[in-house]
Amino acid sequence: FRLLIPTCVLTGGLMSAMCCVADEPTDPKSAPAFPYGEVPEQKPDMPLSRAMQRVYDGTYAGLDCARNELFTRFKYTPLEGLDYSNGDGTVSRRDATKIIKHDGKFYVWYTKRHTATPPDYDGGANDTIPSRDWDLAEIWYATSTDGFTWQEQGVAIERNEKPSPGWRSVSTPDILVWKGKYYLYYQAYLAMPGSRTSSATNGDDCPVSASVADSPDGPWTPCNKIVVDNGPPGSWDQYVIHDPYPLVRNGQIYLYYKGEMGGDPPVRAQGLAIADHPFGPFRKHPLNPVINSGHETSLFPFKEGLAALVSRHGLEHNTIQYAPDGVNFEVAAITGLMPIAPGAYVPDAFTDTKDGRGITWGLCHFRNIKRDEGKSHSMLARFDCDLSLDVDDIEM
Ligand code: AAL
């Protein structure tokens, strides 16, 4: 008994009909093609495994598309123009912001540490020796015309006077453009990162502060207050507020951030706080956390909603997620080798769009974690991806 199953497989818009024999090993060349990057117009009229049904349904996140537009792989390219002191660990650049375009140039801000010695993770840190890669750091910025070669322009946010937020270190910034002004959000340390004086599980306790400028070149004026504070004892974000990430949505500022609820290893997730003014007050969303995984999570407008690159931690790491309302995220695609701490060029981050166009490139960082060699530092790099629905330049 030999069952002949007619199959119609659509690849690249071309339909080919073929037969395969069910009770004999199938010639791999005649198996249904897996439609990565192709547009299957209809499900083949044949029994399909659940795995293949998902592919043809293309509805991982309820997006109305047959092809999964939120699947991508990532490519990486070293940057030109930034000096790292031969990698001796005294200079570090990491945690890039979103990239904006202004006056024909791309702008990016990032954590820069330039200390006499590399970080001492083993208790030897003091007023001049950093405890972590992002300790005793400042926010610097660079510009580029092609996204590959960058010119460092100088410091944007210096450390504050003690005891103002950010006196010990300012790190991990992100940019907001709102009503003609520029706002930088950043982690504002009130104690040495990693010090056991804080209650955070790994001592990396810090709230978020912000500064404002009339131009992306500054000068920047600090608001000198905490704009998003740790949650109360027992809450999911009681230990840290990290990685602030502002977007404009529904006429308001949607600030996503990473919180930490303890545990070993610590459970990390992403929350949302919303405000009508960049310096707050920010109201934390009642459904927080809105993403159950992730570390430095980058988000961008996509169609009517927001997409998020979720990596490094949690049950849903290595996924790209989508929420039509920016709140109820679902897994849209599973990928790998994701950029660490990505800051993408997101032209429509602040246009309050409900027709988000996606992203194609950005900056991320790579870490040299050879602590025993005393050279621990991070380097910025470029990533490229295919999450674009036709991105246009928007000057800000
Ligand atoms: C990063 C970010 C935050 C942390 C530290 C520097 O991965 O999540 O910025 O505080 O590490």
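Atoms within a ligand are numbered from 1 in the order they appear, just like the ligands themselves. Numbering starts at 1 and runs along the sequence shown. Because the structure is predicted, anything quoted here is derived from the model rather than measured.
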Does NZ or CZ of Arg93 lie under 6.0 Å from the centre of the six-membered ring of Tyr84, at an angle within 45° of the ring axis? yes
Salt-bridge test for Arg132 and Asp204: reply yes if a basic N is under 4.0 Å from a carboxylate O, no otherwise. no
Around ligand 1, what residues show up once you keep those with a heavy atom under 4.0 Å from it? Arg94, Asp95, Trp134, Thr172, Gln187, Tyr189, Asp204, His242, Asp243, Lys258, His295, Glu296, Arg312
From the list Lys258, Arg312, His242, side chain to side chain donor-acceptor pair (under 3.5 Å) with Glu296 holds only for Arg312
Can you name the one residue among Thr297, Asp174, Asp237 that meets side chain to side chain donor-acceptor pair (under 3.5 Å) with Tyr257? Asp237
For Asn160 and Pro163, indicate whether the former's side chain and the latter's backbone hold a donor-acceptor pair under 3.5 Å. no
Distance flag, aromatic centroids of Phe366 and Tyr76, threshold under 6.0 Å: yes
